[in-house]
Amino acid sequence: MRIGDLAAATGASARSLRYYEEQGLLASVRSPGGQRGYPHAAVERVGLIRSLLAAGLTSATIRDVLPCVADESIRTPWLADRLGDELTRVEGQIADLHRTRDVLAELVENYKINGTAETVLSTNQA
DNA sequence: CTTCTTACA
DNA sequence: TGTAAGAA
């Protein structure tokens, strides 16, 4: 499929898809006219890339880690450590989000009761 | 009409 | 990342 089709199928802009390729995250074949071509499997590939990017992994990290998803043969011990570090980091992010959620939930509850957040705000300032 | 590259906000 | 310009 062409870049426009992949963009429509993944939600990523054509700009991003070219950028992923430039970063070595996504491969493509060129038609005689220079047009990029992608296999249908690219849809899943892009989905994973976007998830990892959204989770905070850098392009460089994804570049190193992504190939082991397809080739189990290239899984090395240092790669496992690499993934372990990312897992730890993401778990930390989840913990932070839980705290943020609690703060927002309490704020919302106070609005329901008082129609204002004065209680929470004044409490936290004290 | 769609994509390509390059370059700028 | 988005968008513009000129070419294919």
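Here is how names work: the chains are called A, B, and so on, in the same order as the sequence lines, proteins then strands, and each is numbered from 1.
Note on A:Tyr38: nothing from the nucleic acid sits closer than 4.0 angstrom, heavy atoms only. Residue contacts for A:Gly4: at a heavy-atom cut-off of 4.0 Å it reaches the sugar-phosphate backbone alone, with no base atom in range. Contacts of A:Arg18 with the nucleic acid, taken as non-hydrogen atoms under 4.0 Å apart, include base atoms.
Rounding to whole angstrom units, CG of residue A:Leu6 and P of B:dT3 are separated by 11 Å. Summarising the geometry, the separation between CZ on A:Arg2 and P on B:dC4 is reported as 9 Å, rounded to the nearest angstrom. Summarising the geometry, the separation between CD on A:Glu22 and P on B:dA7 is reported as 12 Å, rounded to the nearest angstrom. One interatomic measurement links the two molecules: CD of A:Gln35 to P of B:dT5, which rounds to 10 Å at whole-angstrom precision. In this structure, A:Leu53 atom CG and C:dT1 atom P are separated by 6 Å, rounded to whole Å. In this structure, A:Glu21 atom CD and C:dT1 atom P are separated by 15 Å, rounded to whole Å.
Side-chain atoms of A:Arg36 never come within 3.5 Å of backbone atoms of A:Val29 as a donor-acceptor pair (strictly under, hydrogens ignored). Side-chain N or O atoms of A:Arg45 include one that pairs as donor or acceptor with a backbone N or O of A:Leu25 at under 3.5 Å.
Residue A:Arg30 has a polar side-chain atom (N or O) positioned under 4.0 Å from OP1 or OP2 of B:dT5. Between B:dT3 and A:Arg36, no contact under 4.0 Å exists linking OP1 or OP2 to a side-chain N or O. Between A:Ser16 and C:dT1 there is a side-chain N or O to OP1 or OP2 distance below 4.0 Å.
Residues A:Gly33 and A:Arg50 each lie close to DNA chain C; by heavy-atom proximity, the contact nearer the 5' end of the strand is made by A:Arg50. Nearer the 5' end of DNA chain B, as judged by each residue's closest nucleotide, is the contact made by A:Ile3, out of A:Ile3 and A:Arg15.
Here A:Asp96 pairs with A:Arg99 in a salt bridge; the nearest charged N to carboxylate O distance falls below 4.0 Å. Between A:Lys112 and A:Glu109 there is a salt bridge, since a side-chain N of the basic residue sits under 4.0 Å from a carboxylate O of the acidic one.
For the residue pair A:Arg82 / A:Thr61, a side-chain donor-acceptor distance below 3.5 Å is found, with atom types taken as modelled.
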